[in-house]
Amino acid sequence: MGIDLGTTHCALAQSALEGDLASPRPEPILQLVARDRVDAQVLLPSFIYAPHASEGSLALPWDANAALAVGQYARRRAAESPGRVVASSKSWLSHPSVDRHAAVLPVSAAEDVTQISPVEAAFRLLDHLSEAWSAGPGAGERLGDQEVILTVPASFDAAARECTVEAALAAGLDQLTLLEEPQAAFYAWLDQRGDAWRSELAVGDLVLVVDVGGGTSDFAAILLAEQEGNLEPRRVAVGQHLLLGGDNMDLALAHLVRQKLEAQGSPIDAWQLSALTHAARDAKEALLSAGAPDSVSVVVPSRGSQLLGGSLRSTLSRAEVQTYVLDGFFPQVPWQQAPRQRPRTALRQRGLPYADDPAITTQLASFLRGHHGVRTAEAGAAAPQFLAPTHVLFNGGVFRSELLRTRLLDTLNAWLVDVGAAPARALPSADYDLAVARGASYYGQVRRGRGVRVRGGTAQAFYVGIESPAPAVPGMDPPTNALCVAPFGMEEGSRVALPEAELAVVVGESVTFRFFGSSTRRDDVAGTLLESPERSLDELAPISITLPAQGRSPGELVAVTLEAVITEVGTLALFARPLEPRILDEHWKVELSVRSRAPAP
Amino acid sequence: MNTETLAWWSRVGLAFRAFFRILFDGRYASEAGRALTPSTPLVPEPGARGAGNPGAAACPPAAEVTAPDAAVLLLSLLQGEGRFVDFVQQDIAGFSDTEVGSVARVVHAGCRKVLRAHLQIEPIRGEPEGQPVTLEPGFDPSRVKLTGNVAGTGRVHGVLRHRGWQAADVHLPTLIDRGASRVLCPAEVEM
């Protein structure tokens, strides 16, 4: 079973592990589509709705009195009753300055709604998938009895991965493996091409995976290396998690039409804006398709039953979509362009860290420049200034539009020509919406020895912050150094221990350390010490070590060393080992993401 | 609860099990199709609309297609996505063609979405309208209607005036709450 646990949609695909190894097929997911209606659809919107007491409980095939609804009905209610619906919970799961176990969703909850944590939200979605599969295609079997491949964004940090696993285990998915979404999209492409892929890619090729979903964008690069005479794809670079996607484009167009309508003297309320966003999405898809008309009308239907007389009408032209979507989100910038950063205001409302610069091409340029150090020696004509792809694999519903694919590819090729590299070609996607779920299921077969495996290992190196011994200055925190505890590219099942460096931990107390990650520092090994990590690393949620007092006296200082393990599931685990163990193999687990990080001053 | 029949919730459960076995088990579906074919009128059963399962839709039992609840369900879908009932219920005599036209786009786009999602609609004849067509003897009179100077035997030569439509696949959501089965869309009160 391949599960795509998406920010805006979830999907499920299944394939056999034995016998006839057919391509994975998407499985329809039972869900409430209205208060009193159940239907099976291939996409499950990632929305969770808590009905008001007056609505009574909701009835599902597997639960006559469900307290929450997941899916299309929940999404519909998000526009009608936003205080009762959890949306985009996955973005909160990867939010570095939020305690992912704290009940914070929905953010502006109605007074009688019990808030849930980002981890519980992930559990609710997975639990729904599990129950719906049992009641539907599984015909009574448990999803947990199947081998499950669950996808996460490549940019998910160690804590977000662990939280995802925690939610999956709570939903009974015991036979679990994590897979990065861009790799899943690549597996779907491999499955679709069959053996023909070997004639389409050669040693030294670099496939850029561009995944733009409803609410997030992700970039990853896969290098075709040679291993004992065979082609071996290796995931060599992963971009930052960007909260930017197709929904932003719909909203940009909706605000444009709103301005036009308000200029005509028709104020737009929140309900109408939501209806307008739907209309703008349809208009966008019509105007971005081949042979599009010059303009389409956008109608906001009246809210009441009198449709005529109360509806508002405006138009969107192809030129406007060109300006706002193509030039707004995919501008033809030079490759040197740096993403714009809005100055941080002192008081930020608690919310998601949306990308400051909506230009996906600019974000892509930044990703490619940031990974210029990736060794493309095998690629021959490597451009030194940025990572030069030879192929592009598009994923995400946004790229159903050929115009957007062409614009992104043209922009990229202009950069490549600029540095004297050959232009890149697009690889045909298996399915922009369902490739990740299908590729995840295919990976289940790959793990059993079928087809080719993408090597990757961890997409980040991890560092623990250690206070450097320096004279105290009033009003200043002592400077912090960062010690590498887990290098880049650790494979599943591997472990690495710090050679000698020691941390001192007080027995019986929880000791918290700052924690950092980097997706670009590829050469650091366990034990590498960096100064001023704030400049070169991304700060993650802190970690903590609690040594139980057993066998030692409380308050005693114990010297420990750290060991990093990449579990078979695909998560990072850190262990503290005392230098002078009291029992054989004495070690303690280090807690990742213990609390929200202190807000930046 | 009547002791002669199953409790309502048990029936919902049973209906769901039948629904999904029919959906995913071809042999079971054909058996169920045979069981449903007798002309005895179907008691409207919440949770298992006959029209909602493609397995049974393959054989056309008239009693199911005309079941009033399926009609109400389809209307509520058309209203929900395309404001169909609002449009037809309103007196449009006093409005200009432009006003009617712009609203018709909303109705058209929404209703089209419903038809695409729930009834895979296809033309019965592939030939272009206005072109001559030949029908072999024994053609299905429910699929092709003859008009004009209808007489003679053997092959039929004529001109295709309308290509016809058929719903290749009927797939309606399953209704859960019997109490709401006549509601096309609820009244809305904003707090």
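Since the structure is predicted, the reported quantities are computational estimates derived from the model, not experimental observations.
- Between the CZ atom of A:Arg37 and the CG atom of B:Leu172 there is a distance of 9.5 Å, given to the nearest 0.5 Å.
- Contacts of A:Ser81 with chain B are absent, with no heavy-atom separation under 4.5 Å from either backbone or side chain.
- With chain A as the partner, the residue from B:Met191, B:Glu190, B:Gln79 showing the most heavy-atom pairs under 4.5 Å is B:Glu190.
- Contact residues of residues 136-157 of chain B toward chain A are absent (heavy-atom distance under 4.5 Å).
- Between the CG atom in A:Leu30 and the OG1 atom in B:Thr174 there is a gap of 7.5 Å [rounded to 0.5 Å].
- For A:Leu32, the part lying under 4.5 angstrom from a heavy atom of chain B is the side chain only.
- Residues of residues 83-94 of chain B lying under 4.5 angstrom from chain A, judged on non-hydrogen atoms, are B:Arg83, B:Asp86, B:Phe87, B:Gln90, B:Ile92 in numerical order.
- Note that OG of B:Ser96 is 8.5 Å distant from CG of A:Leu308, once rounded to the nearest 0.5 Å.
- Contact of A:Arg303 with chain B is made through backbone and side chain together, with heavy-atom distances under 4.5 Å.
- Residue A:Ser305 touches chain B through both its backbone and its side chain, counting heavy-atom pairs closer than 4.5 Å.
- Put simply, CD on B:Glu81 and NE2 on A:His278 are 9.0 Å apart, with the number rounded to the nearest 0.5 Å.
- Under the ring pair (Phe, Tyr, Trp, His ring centres under 6.0 Å) criterion, the residue pairs touching residues 58-79 of chain A are A:Tyr49-A:Tyr73, A:Trp62-A:His128, with sequence neighbours excluded.
- At most 12 heavy atoms of other shown residues, nucleotides or ligands fall within 6.0 angstrom of atom CD in A:Glu18.
- If you measure heavy-atom distances from A:Val33 to chain B, the contacts under 4.5 Å come from the side chain alone.
- Within residues 97-118 of chain B, the residues having any heavy atom under 4.5 Å from a heavy atom of chain A are, by residue number, B:Glu99, B:Val100, B:Ser102, B:Val103, B:Arg105, B:Val106, B:Val107, B:Lys113, B:His118.
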